[in-house]
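Within every chain, numbering begins at 1; the chains are lettered A, B, ... in the order of the sequence lines, protein sequences first and strands thereafter. In this text the structure is predicted, and so the values were computed from the model without any measurement.
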Amino acid sequence: MRSAPPLATWTRARLAPYAFLLPYFLITAVFFLYPLIYATVLAFYQTDGPTRRMFVGLGNFKFILTDADFHKALWNTTVFTLCSIFIQLPLSLALAMLLNAKSDRLKGLFRLIIFAPNLVGQVFVGIVFTMLFTPKYGLFNKLLQSLIGWGLEQNWLFDPQLVMPAIVIASLWLYVGFNMIYFLAALQNVDQTLVEAARIDGAGPISIFLNVTMPAIAPVTTFVVVTSTINSFQLFELPFTLLQNSNNGYGPDNSGLTIVGYLYRFAFENGDLGSASAVGWLLTCIIFIASLVQIRIASRVGREQ
Amino acid sequence: MEFPYGRAALGIAVLTVLSAAALLASRERGPAVVVAGVPVASAKKPDLVFATFTKEHAAAYHAALPAFEAKHNCTVQIQVVDPRALQSRLQSAMQVGADVPDMVELQDGFLSYFIKGPLENVHMVDLTDRLRSSGIYDKVVVNRFSKWSRGGRVFALPHDVHPAMLAYRKDLVEQLGIDVNKLTTWEEFARVGRDIVQKHRNPDGSPMHYMIDLPADGENIIIMLGLQHGTGMFDADGNVTFDDEAYVDVICWYVKQIQGPTRTSFPAGWGQNLAKAMIDGLVLFYVCPDWRTMQFEMDVPKLKGKLALMPLPAWTPGGRRTSTWGATGLAFPKGGVSHNFDLAWELAVYLYFDEKQLGPRFLQTNILPPLTTAWSQPEFSAIDDFWGVSLGKTFVPLAKDVPPAPTNAFHFVAASKINKAFTKASEHYAAHGESGLRDVARRELHECAEEVRTAMRRNVFIQRELDRTQSTRPAATRVAE
């Protein structure tokens with residue numbers, strides 16, 4: 001018969017897991033839970049910095065939802081998000097498929113080159129592209145002119161019609177490689193026996209891609225779409241640095257203003273943390289709904305397949 | 001002996017202990033001094049901390065500091081911080097009660113971030129009484145206080161006047177047969193510009209020269225031109241004023257210069273791009289306040305002797321021939337890290353209003369100081385090698401005509417809305433030409449001004465202050481209104 005462990009050992013064994021979890025809970029409570037609750041409270045106040053505040057009820061939400069600048073920010077962010085999903089991700093997938101080709105001996109090098117822009121971050125890319133987009137002298141403008149005979153004098157960062165394309169182009173350079181890595185990992189896990197079986201059955205490349213590859217990488221695609229949507233809705237540094245010389249960082253007629261830019265303007269330019277918190281909550285709701293819709297659609301498509 | 005929870009946990013525990021020990025050890029060598037998020041470099045705490053956003057100013061002050069430090073037996077530390085970083089760090093430090101510098105130089109418009117609450121809650125020291133009692137107020141170009149005041153109270157010392165002129169490629173302008181003496185109004189300037197752009201073409205059909213460098217979004221230049229035409233974004237009482245006919249004139253003139261068949265301008269931008277455009281002769285004229293003259297001296301020495309200055313064309317014949325673009329102000333955050341406002345004030349007076357300092361500094365920076373009594377110093381008559389004229393004698397006669405540019409807490413909101421109105425007018429011109437342009441500009445300016453007024457009314461703190469002021473005024477005064 002085994003004897004019972006001493007009380008001290010038993011207590012230590014019971015408490016040890018909690019002790020290990022304690023740092024996580026502490027950090028979560030201090031840096032996540034408390035700010036979350038505080039931001040919820042603040043959303044109902046107008047503030048002049050963190051020390052002075054006045055209760056305004058739903059006033060912040062009412063103002064924001066009827067503010068033309070918020071509508072503009074919401075529109076800009078949505079357009080950018082759609083571009084991310086429908087331009088950036090297909091491009092990432094196409095690059096991943098190219099790099100997944102077995103015959104390419106320089107695969108590793110290309111993978112590094114395409115991924116490398118992601119290492120430098122949004123601020124760096126923003127500053128570099130302000131120079132690339134310069135009318136007459138910018139490299140990008142010169143490249144366009146030599147390729148298609150148009151674009152030398154285009155003022156990408158000061159023409160409201162061209163600001164969003166400029167942001168999308170800069171973000172493509174930044175993020176295509178990042179998402180490509182996910183797709184590449186997924187493609188490398190596609191069951192090759194299924195591909196071979198489909199080929200034997202007479203399926204062509206397009207049919208194989210649609211009926212074998214796509215279903216196999218569907219979970220990763222869902223993940224990439226959802227994270228891209230969330231990141232796109234949180235866009236801020238890239239347009240803010242890209243447009244640093246135009247309308248205080250928001251572009252002509254606020255054509256580069258994003259929801260987080262709108263939040264930043266309230267919090268750090270106007271000192272109104274209350275309104276900024278309200279914007280933060282609205283953004284949370286938007287992201288939550290968008291993500292939920294995407295996951296639902298993905299799971300429905302998955303069931304049908 | 002083995003650590004009961006494994007090597008990983010042991011590694012984390014060791015790292016924690018070592019980090020804590022390192023932190024404690026560094027504290028023993030003296031407390032780290034961090035002012036507005038910027039660690040103070042020297043181990044010894046300085047007697048005064050002075051933050052500025054430009055290394056040119058810092059270099060000029062560094063040269064003058066030893067005499068001040070010797071006289072007052074103190075040490076002064078100058079920090080150079082990027083203007084946006086300076087504003088956001090200072091704002092954050094003030095909000096959470098962290099240490100702030102004793103003195104801080106603010107860029108044009110940045111005071112607005114600090115004056116959003118009631119006057120008594122403005123985080124900068126009110127300098128009005130000290131300025132008046134010291135007599136400095138009467139010696140300074142009085143319009144320059146408007147950029148640094150709210151409700152008649154001054155919160156920063158003006159560093160400059162920044163009269164605006166046009167700089168141009170003298171050699172090319174003469175070659176092209178342009179008589180600058182006849183460019184007395186903006187309409188005439190645009191007419192000559194159209195001729196130049198249309199007549200002189202490259203083999204590929206593109207213009208060989210553009211008359212002037214103008215930013216495509218217009219922002220700073222439109223505000224400058226509005227001031228020249230007699231209207232600021234706000235009046236001295238803080239009311240929004242940009243929805244008037246002067247701004248309509250400016251916007252309608254401007255949109256015609258940047259696009260379509262009437263285009264005369266090229267958006268050369270800043271720094272190397274503008275320098276390249278001037279060297280190539282792509283751009284003939286550019287707007288040049290005093291501070292920009294030094295930028296060209298430094299960046300493009302090969303243009304020495306090829307550039308000249310002329311007054312701005314006026315909006316109406318015989319009208320104002322200058323305006324102002326940019327400003328720097330020296331403010332004193334309340335509760336500065338050294339808690340020695342008197343010493344900080346002494347340093348400010350020494351750097352900003354000591355005539356012996358200002359002459360040599362003008363040679364270093366080309367920036368005209370606002371202290372009128374300093375302009376008789378010999379340095380203000382000296383011939384500048386690069387420009388071939390006395391910059392002091394060129395800018396001083398314009399200084400008295402520099403318009404006031406009142407600011408308020410909604411400076412950047414208003415600037416953004418002007419940008420919006422301009423963009424809408426510009427889009428209308430691109431689609432429909434001149435037909436209906438004035439009506440569109442007028443309507444957009446009015447709508448944008450209303451948006452600024454709505455934002456101002458929404459500020460419950462300022463509204464409460466206004467209500468309190470109204471209710472405490474004598475009833476007779478209120479009835480009279």
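- The residue among B/T423, B/V413, B/T454 with the most heavy atom pairs within less than 4.5 Å of chain A is B/T423.
- Other residues, nucleotides and ligands contribute over 12 non-hydrogen atoms within 6.0 Å of the CZ atom of A/F20.
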Determine, step by step, whether A/Q46 and B/N459 satisfy the side chain to side chain contact (heavy atoms under 4.5 Å, CB included) criterion, reporting the C-alpha distance in whole Å, the side-chain angles of both residues, the deciding distance to 0.1 Å, and the verdict.
-> CA-CA 8 Å; A/Q46 199 176 114; B/N459 186 319; 4.2 Å; yes
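- Contacts of B/N220 with chain A are absent, with no heavy-atom separation under 4.5 Å from either backbone or side chain.
- Proximity to chain A (any heavy atom under 4.5 Å) is shown, for B/A277, by both the backbone and the side chain.
- When each of B/K420, B/M94, B/K417, B/H123 is checked for heavy-atom pairs under 4.5 Å with chain A, B/K420 comes out on top.
- B/D204 does not touch chain A: none of its heavy atoms, backbone or side chain, sits under 4.5 Å away.
- In this structure, the portion of A/D272 lying under 4.5 Å from any heavy atom of chain B is its side chain and not its backbone.
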Tell me, with the steps shown, if B/L282 and A/Y137 meet side chain to side chain contact (heavy atoms under 4.5 Å, CB included).
-> CA-CA 12 Å; B/L282 181 67; A/Y137 303 118; 3.7 Å; yes
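- In this structure, A/E269 does not pair ionically with B/K116, as no charged nitrogen and carboxylate oxygen lie closer than 4.0 Å.
- Heavy atoms only, all atoms of each residue included: A/N247 and B/N419 are closest at ND2-OD1, 3.9 Å.
- The closest donor-acceptor contact from the side chain of B/Q87 to the backbone of A/F268 lies under 3.5 Å.
- For B/R458, the parts lying under 4.5 angstrom from a heavy atom of chain A are both the backbone and the side chain.
- The CG atom of A/D253 sits 8.0 Å away from the SG atom of B/C448 when rounded to the nearest 0.5 Å.
- Neither the backbone nor the side chain of B/I418 comes within less than 4.5 Å of any heavy atom of chain A.
- Contact annotation for B/Q272: neither backbone nor side-chain heavy atoms come within less than 4.5 Å of a heavy atom of chain A.
- Summarising the local packing, CZ of A/F70 is surrounded by more than 12 heavy atoms from other residues, nucleotides or ligands at distances under 6.0 Å.
- Rounded to the nearest 0.5 angstrom, A/D69 CG and B/S416 OG are separated by 6.0 Å.
- In plain terms, the two heavy atoms of A/G249 and B/R84 that are nearest each other are N-NH1, 4.4 Å.
- Surrounding CH2 of A/W75 are at most 12 heavy atoms belonging to other residues, nucleotides or ligands under 6.0 Å away.
- The only member of A/S246, A/P160, A/S255 that meets side chain to side chain contact (heavy atoms under 4.5 Å, CB included) when paired with B/D217 is A/S246.
- Atom CG of A/N270 sits about 7.0 Å away from atom CZ of B/F410, to the nearest 0.5 Å.
- Taking each heavy atom of A/N248 and B/F412 in turn, the nearest pair found is ND2-CD2, 3.7 Å.
- The backbone N or O of B/F266 lies less than 3.5 Å from no partner atom in the side chain of A/E153, so there is not a single donor-acceptor pair.
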